[in-house]
Amino acid sequence: MQHRRDEREGLGGKDGLSLLGDVPLVAETPEELLDDETTPIARFFVRNNGLLPDPVTDADSWTFTVDGEVERSLSLSLAELKSRFTQKTFRMVLECGGNGRSFFEPKAEGNPWTNGGVGCAEWTGVSLGDVLREAGLKESALFTGHFGADPDKHGSHEHQAMSRGVPIAKALEEHTLLVWAMNGETLPFIHGGPLRLVVPGWPGSLSQKWLKRIWIRDREHDGPGMTGLSYRLPVRPLAPGADAGNVENRILESMPVRSIVTAPADDAGYPAGTRTIDVRGAAWAGDDAVARVDVTLDGGVTWTEATMTPPRNRYDWTRWQASLTLPGGGFYEIVARATDSRGRAQPFRAANWNPNGYGCNTMHRVAVTVGPEV
Ligand SMILES: Nc1nc2c(c(=O)[nH]1)N[C@H]1C(S)=C(S)[C@@H](COP(=O)(O)O)O[C@H]1N2
Ligand SMILES: [Mo]
């Protein structure tokens, strides 16, 4: 099959993203463009595993089905979803499971994300759990399988580009949403409109775009992205570069704690005589909360605890800020380290190496220079 159009058209309206790949379309957000409390759509990263699906003209007649281990299979239009279930809006982080991949040494397979495979948007929709309860889960219901309308990267509709799933408990969480609006606007096509899933705190690949079907299964789902070493991490630390095929692996679920510095930008220059630098950023911790964020400009000799703005709701990111006092002019590296509510902090270097490069949460650093002293 041929590409029906240029995949890069999908980036129309985007502002300042870095393209990591055009077929499939993948683009990340430079950290300094993640400085808003709510990530604007124009700056929200894009990750496709296949090609764009056919354009949709009538969103409200988009249908989506639930079948498998349920009492009643459901086929619902978007209009029915909107009118029959309780509408909810939460601000929640969506992060690619491979965010940070480029920091692994030796290099891991896949898109070389730095820190920008993440964004935090207001998602409006209904709880998937409310819809599953209407379908009636059988005792045998153990896992979900997610299906979208996009063809695979060769343009074929025979196979899903990606089809992952979660244990039923995660599917039943109130914050796991079927979403049709983002930041108060109709969900953009590039982000999965008319209808997508948002499974917060876990790898972005679970948040199926252009959602057509949820298959309730009596076993772990086995679609593309669920088998082999996909989204798996070694249970015990592996020597970097070693063969992961022979050791015990587990599926990556909750994403690890992470923070980014969103101001100043890397390589910022300050006039001579500057003695205070205001630093801002964001932090998040998968299913857990962020307990604290600390910032250093001397390689970790001394740390300053940042002030945090409480998140709006579970799975929102935590914005933080700190004022750092400089001993004088010169070159400084600002490094932020978040700690989650279970006491786990970020590593100095990419830890827990795995061949596909998932879950890298090494600390983010930005360099700044305070101009020559007179
Ligand atoms: N149908 C479909 N849904 C998908 C994907 C895809 O390729 N096809 N990619 C997933 C991955 S890997 C990520 S990280 C998120 C990215 O969502 P975004 O493009 O809205 O930022 O979508 C997920 N949902
Ligand atoms: Mo992803």
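Every value quoted in this text rests on a predicted model; they were computed, and no experiment measured them. In this chain, numbering begins with 1 at the start of the sequence shown.
- Between Glu37 and Arg312, no side-chain nitrogen of the basic residue sits less than 4.0 Å from a carboxylate oxygen of the acidic one, so the salt-bridge criterion is not met.
- Around CD of Glu139, the count of heavy atoms belonging to other residues, nucleotides or ligands within 6.0 Å does not exceed 12.
- A heavy-atom distance below 4.5 Å is not found between the side chains of Cys96 and Ser205.
- Considering every non-hydrogen atom in both Ala242 and Trp353, the closest pair reads O-CZ3, 3.5 Å.
- Of all heavy-atom pairs spanning Glu28 and Leu20, the tightest one is OE2-CD2, 4.0 Å.
- Both Leu211 and Val166 are part of a single hydrophobic cluster, where members link through side-chain heavy atoms under 4.5 Å apart.
- Using a 4.5 Å heavy-atom threshold, the side chains of Leu51 and His154 count as separate.
- Ion pairing between Lys82 and Glu80 fails under the 4.0 Å rule for side-chain N and carboxylate O.
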Go through Thr124 and Lys88 one step at a time and tell me if the side-chain hydrogen bond (donor to acceptor under 3.5 Å, both in side chains) criterion holds. CA-CA 6 Å; Thr124 299; Lys88 294 169 187 170; over 6 Å; no
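- Side-chain atoms of Ser140 and Arg217 form no donor-acceptor pair, as typed in the model, at a separation below 3.5 Å.
- In summary, the side chains of Gln346 and Thr362 do not present any donor paired with an acceptor at a separation below 3.5 Å, with no hydrogens or angles considered.
- Shown here for Phe45 and Thr29, the closest heavy-atom pair between the two residues is N-OG1, 3.5 Å.
- Atom CZ in Phe44 sits 8.0 Å away from atom CG in Asn183 (nearest 0.5 Å).
- A salt bridge links Arg319 with Asp35: the distance from a Lys NZ or Arg NE/NH1/NH2 to an Asp or Glu carboxylate oxygen falls below 4.0 Å.
- Under 4.0 Å is where a charged nitrogen must lie from a carboxylate oxygen, and between Asp218 and Lys138 no such pair does.
- At distances below 3.5 Å, at least one donor-acceptor pair connects side-chain atoms of Arg314 with backbone N or O atoms of Asp287.
- Taking 4.5 Å as the limit, every side-chain heavy atom of Val93 sits out of range of all side-chain heavy atoms of Pro200.
- Side-chain contact check for Ile277 versus Val368: some heavy-atom pair is nearer than 4.5 Å.
- Side chain of Asn313 to main chain of Arg91: a donor-acceptor pair is present (N/O by atom type, distance under 3.5 Å, no hydrogens or angles).
- Heavy-atom contacts from other residues, nucleotides or ligands closer than 6.0 Å to CD of Glu109 number 12 or fewer.
- Residues Gly97 and Tyr231 share a closest heavy-atom pair of CA-CE2, 4.4 Å.
- The CZ atom of Arg213 sits 9.0 Å away from the CD atom of Gln160 when rounded to the nearest 0.5 Å.
- The aromatic ring centroids of Tyr358 and Trp202 lie 6.0 Å or more from each other.
- Both Leu76 and Val126 are members of a single hydrophobic cluster when ILVMFWY side chains are connected at heavy-atom separations under 4.5 Å.
- The existence of a salt bridge linking Arg84 and Asp130 is excluded, since no basic side-chain nitrogen approaches an acidic carboxylate oxygen closer than 4.0 Å.
- Put simply, the side chain of Ser259 never gets that close to the backbone of Ala283: no donor and acceptor are under 3.5 Å apart.
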Under the side-chain contact (heavy atoms from CB on, under 4.5 Å) criterion, do Glu305 and Arg292 qualify, and how do the steps go? CA-CA 7 Å; Glu305 186 170 358; Arg292 59 185 289 160; 3.5 Å; yes
Check against side-chain hydrogen bond (donor to acceptor under 3.5 Å, both in side chains), Arg280 and Thr262 = CA-CA 6 Å; Arg280 286 192 301 273; Thr262 60; 5.0 Å; no
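- Atom OG in Ser207 sits 5.5 Å away from atom CZ in Arg196 (nearest 0.5 Å).
- Using a 4.0 Å cut-off between charged nitrogen and carboxylate oxygen, Arg232 and Glu220 count as a salt-bridge pair.
- The closest side-chain donor-acceptor pair between Asp67 and Thr65, if any, does not fall under 3.5 angstrom.
- With contacts defined as side-chain heavy-atom distances shorter than 4.5 Å, the pair Arg258/Val118 does not qualify.
- Of the N and O atoms on the side chains of Glu31 and Asn115, at least one donor lies less than 3.5 Å from an acceptor on the other residue.
- Atom CD1 of Ile168 is separated from atom CG of Leu137 by 5.0 Å, given to the nearest 0.5 angstrom.
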Go through it in stages, so that I can follow the logic: the residues are Val131 and Val66, the test is side-chain contact (heavy atoms from CB on, under 4.5 Å), and I'd like the CA-CA distance, side-chain angles, deciding distance and then a yes or no. CA-CA 8 Å; Val131 176; Val66 179; 4.1 Å; yes
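- Contact check for Pro203 versus Arg164: side-chain heavy atoms found under the 4.5 Å cut-off.
- To the nearest 0.5 Å, atom CG of residue Leu128 and atom CZ of residue Phe85 are 10.0 Å apart.
- Using a 4.5 Å cut-off between side-chain heavy atoms of Ile, Leu, Val, Met, Phe, Trp and Tyr, with links allowed through other members, Val179 and Ile41 fall into the same hydrophobic cluster.
- A distance-only check finds no donor-acceptor pair linking the side chain of Asp340 to the backbone of Ala289 [under 3.5 Å].
- Lys209 and Asn48 are linked by a side-chain donor-acceptor pair at a separation below 3.5 angstrom, with hydrogens and angles left out of the test.
- Annotation: Tyr315 is not in aromatic contact with Trp284 [ring centroid separation under 6.0 Å not met].
- A salt bridge links Glu333 and Arg365; the closest N-O separation between the charged side-chain nitrogens and carboxylate oxygens is under 4.0 Å.
- Tracing side-chain contacts under 4.5 Å through hydrophobic residues (I, L, V, M, F, W, Y), one reaches Leu206 starting from Trp210; they form part of the same cluster.
- Residue Val199 is tested with His175, Lys170, Glu173 for a side chain to side chain contact (heavy atoms under 4.5 Å, CB included); the sole match is Lys170.
- Of the inter-residue distances, the one linking Leu132 atom CG with Ile214 atom CD1 reads 6.5 Å to the nearest 0.5 angstrom.
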* **Residue pair Thr89, Trp123: steps toward the side-chain contact (heavy atoms from CB on, under 4.5 Å) verdict** => CA-CA 5 Å; Thr89 298; Trp123 306 104; over 6 Å; no
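- In this structure, Ile334 is not a member of the same hydrophobic cluster as Met363, with clusters built from ILVMFWY side-chain heavy atoms closer than 4.5 Å.
- Note on ring orientation: taking the six-membered ring where Trp is involved, the planes of Trp215 and His221 are perpendicular (angle over 60°, cut-offs 30° and 60°).
- Within a 6.0 Å radius of CZ in Arg219, no more than 12 heavy atoms belonging to other residues, nucleotides or ligands are found.
- With 3.5 Å as the limit, one finds a donor-acceptor pair spanning the side chains of Ser323 and Asp278.
- Side-chain atoms of Asn99 and Arg101 form no donor-acceptor pair, as typed in the model, at a separation below 3.5 Å.
- Side-chain atoms of Asp36 do not come within 3.5 Å of backbone N or O of Thr39 as any donor-acceptor pair.
- The two residues Leu238 and Ala244 have their closest heavy-atom pair at CD2-CB, 3.7 Å.
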